[in-house]
S.K.: 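Got a structure for you, written out below as structure tokens; questions coming shortly.
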Amino acid sequence: MLRLEGLTLHYGGSQILNGIDLTARLGEVTCVMGTNGVGKTSLLKAISGTHPRSDGVYVLDGEEIGRAPAHVLARKGVGYVPQGRDIFPLLTVRENLETGFACLPAGSHRIPDEIFELFPILKDFLNRRGGDLSGGQQQQLAIARALIARPKLLLLDEPTEGIQPNIIQQIGRVIAHLRERADMAIVLVEQYFSFAYDLGDSFHVVERGAVKMSGRKGKIDRESLLGSVSV
């Protein structure tokens with residue numbers, strides 16, 4: 001579903017990503033790991049189009065992508081749940097979910113029942129403002145909003161950050177369910193090692209803007225992987 005070759009990214013005169021190669025397959029979770037400040041979030045920004053890449057090959061579902069902005073990539077099937085969630089605090093839960101309709105044809109503007117099966121609390125809080133939700137509830141809303149657009153590629157940036165353990169477990173179950181559906185590729189940026197390792201099918205460790213280690217589960221040693229992402 002996604003293939004990157006030699007991807008680079010700059011912020012002004014500073015090069016942040018240095019020739020990233022990465023493949024994400026349908027029905028799999030591809031984990032991007034590493035300590036703070038190594039370029040993981042920048043990589044997702046480049047894939048989602050929220051910050052333009054500088055160079056490199058980007059192929060999505062067999063189509064080579066130019067320097068397309070975020071709204072174009074969203075229409076091509078890229079769903080992005082950013083770090084910090086970025087829900088609209090003054091809009092209701094329903095209105096936040098409906099913002100995902102922008103990527104769909106007019107005849108598909110409805111909230112699927114599956115959203116409420118995955119995140120039951122959202123059905124109870126449809127008329128509550130997003131800013132009144134807890135952090136864990138906002139994270140559920142952010143993931144649900146991305147799923148409204150029926151993505152082929154789902155990008156998740158630190159979905160467990162600042163979340164209570166019971167909601168972390170629920171989010172893990174949702175990611176596992178989406179993987180089993182086998183109709184999307186999932187790229188997960190995550191520092192909670194056990195969460196990422198349990199869900200991941202392949203792993204890419206980023207250090208100083210480059211991939212330091214990569215491999216598939218069963219082919220890559222767990223302890224070596226843990227050591228490479230520990231501070």
S.K.: Does a side-chain heavy-atom distance below 4.5 Å link Gln191 with Met33?
M.R.: no
S.K.: Can you tell me how far apart NE2 (His10) and CG (Leu17) are? Round to the nearest 0.5 Å.
M.R.: 9.5 Å
S.K.: Answer yes if Leu118 and Leu126 sit in the same cluster of Ile, Leu, Val, Met, Phe, Trp and Tyr residues linked by side chain heavy atoms under 4.5 Å apart, and no otherwise.
M.R.: yes
S.K.: Rounded to the nearest 0.5 Å, how far apart are CZ of Phe195 and CD1 of Ile175?
M.R.: 4.0 Å
S.K.: Would you kindly confirm whether Tyr192 and Val81 end up in one hydrophobic cluster when ILVMFWY residues are joined by side chain heavy atoms under 4.5 Å apart?
M.R.: yes
S.K.: Is there side-chain contact between Val93 and Leu133, with at least one heavy-atom pair below 4.5 Å?
M.R.: yes
S.K.: Looking at every non-hydrogen atom in both residues, tell me the closest pair between Gly136 and Ile163 and how far apart they are.
M.R.: CA-CD1, 3.6 Å
S.K.: Could you check whether any side-chain heavy atom of Ser42 comes within less than 4.5 Å of a side-chain heavy atom of Tyr11, counting everything from C-beta outward?
M.R.: yes
S.K.: Does some side-chain heavy atom of Met1 sit less than 4.5 Å from a side-chain heavy atom of Arg25?
M.R.: no
S.K.: Between Glu64 and Arg3, does any NZ, NE, NH1 or NH2 come within less than 4.0 Å of an OD or OE carboxylate oxygen?
M.R.: no
S.K.: Show your reasoning for whether side chain to side chain contact (heavy atoms under 4.5 Å, CB included) applies to Tyr58 and Glu63.
M.R.: CA-CA 8 Å; Tyr58 179 157; Glu63 177 187 358; over 6 Å; no
S.K.: Going from CD1 on Ile148 to CG on Leu104, what distance comes out if it is rounded to the nearest 0.5 angstrom?
M.R.: 8.0 Å
S.K.: Do other residues, nucleotides or ligands put more than 12 heavy atoms under 6.0 Å from the CG atom of Asp124?
M.R.: yes
S.K.: Between NE2 of His51 and CG of Leu44, what distance do you get to the nearest 0.5 Å?
M.R.: 13.5 Å
S.K.: Compare all side-chain heavy atoms of Lys76 with those of Leu60 and state whether any distance is below 4.5 angstrom.
M.R.: yes
S.K.: So how far is it from Asp201 CG to Arg216 CZ, rounded to the nearest 0.5 Å?
M.R.: 6.0 Å
S.K.: In terms of hydrophobic clusters joined by side-chain contacts under 4.5 Å, are Ile186 and Phe119 together?
M.R.: yes
S.K.: Check for me, please, whether Val32 and Leu199 land in the same ILVMFWY cluster - side-chain distances under 4.5 Å, paths through other members count.
M.R.: no
S.K.: Can you measure from CZ (Phe125) to CG (Leu141) and round to the nearest 0.5 angstrom?
M.R.: 11.5 Å
S.K.: Testing the basics here: between Arg53 and Ile65, what is the closest heavy-atom pair and its distance to 0.1 Å?
M.R.: NH2-O, 2.7 Å
S.K.: Give the C-alpha distance, both sets of side-chain angles, the deciding distance and a yes or no for side chain to side chain donor-acceptor pair (under 3.5 Å) between Ser202 and Glu28.
M.R.: CA-CA 8 Å; Ser202 63; Glu28 293 191 359; 4.8 Å; no
S.K.: One pair to check against side chain to side chain contact (heavy atoms under 4.5 Å, CB included): Leu225 and Arg222. What are the steps and the verdict?
M.R.: CA-CA 5 Å; Leu225 183 63; Arg222 186 184 190 280; 5.6 Å; no
S.K.: Grab the two heavy atoms, one from Asn96 and one from Phe88, that are nearest each other, plus how far apart they are.
M.R.: OD1-N, 2.8 Å
S.K.: Would one find more than 12 heavy atoms of other residues, nucleotides or ligands at under 6.0 Å from atom NZ of Lys40?
M.R.: yes
S.K.: Less than 4.5 Å apart, any side-chain heavy atom of Pro159 and any of Glu190?
M.R.: yes
S.K.: Only one of Thr30, Leu156, Leu155, Asp157 passes side chain to side chain contact (heavy atoms under 4.5 Å, CB included) with Leu188; say which it is.
M.R.: Leu156
S.K.: Looking at Ser228 and Val205, what are the two nearest heavy atoms and their distance?
M.R.: OG-CG2, 3.5 Å
S.K.: I want to check something: taking the side chain as every heavy atom from C-beta on, are Leu43 and Leu4 in contact at a cut-off of under 4.5 Å?
M.R.: yes
S.K.: Return the minimal non-hydrogen interatomic distance between Asn18 and Ala210, and the atom names on each side.
M.R.: O-CB, 3.9 Å
S.K.: When you measure from the centre of the six-membered ring of Phe203, is the NZ or CZ of Lys217 under 6.0 Å away and within 45° of the axis?
M.R.: no
S.K.: Do you know the tightest heavy-atom contact between Ile171 and Gln139?
M.R.: CD1-CG, 3.6 Å
S.K.: Return yes if a side-chain donor-acceptor contact under 3.5 Å exists between Glu114 and His177, otherwise no.
M.R.: yes
S.K.: Whether the Gln15 and Thr8 side chains hold a donor-acceptor pair (N or O, under 3.5 Å, no angle test) is what I'd like checked.
M.R.: no
S.K.: What about Leu9 and Leu153, same hydrophobic cluster or not, with Ile/Leu/Val/Met/Phe/Trp/Tyr joined at side-chain heavy-atom distances under 4.5 Å?
M.R.: yes
S.K.: Between the main-chain N or O of Ser214 and the side-chain N or O of His204, is there a donor-acceptor pair closer than 3.5 Å?
M.R.: no
S.K.: Taking side chain as C-beta onward, heavy atoms only, is Val78 less than 4.5 Å from Lys152?
M.R.: no
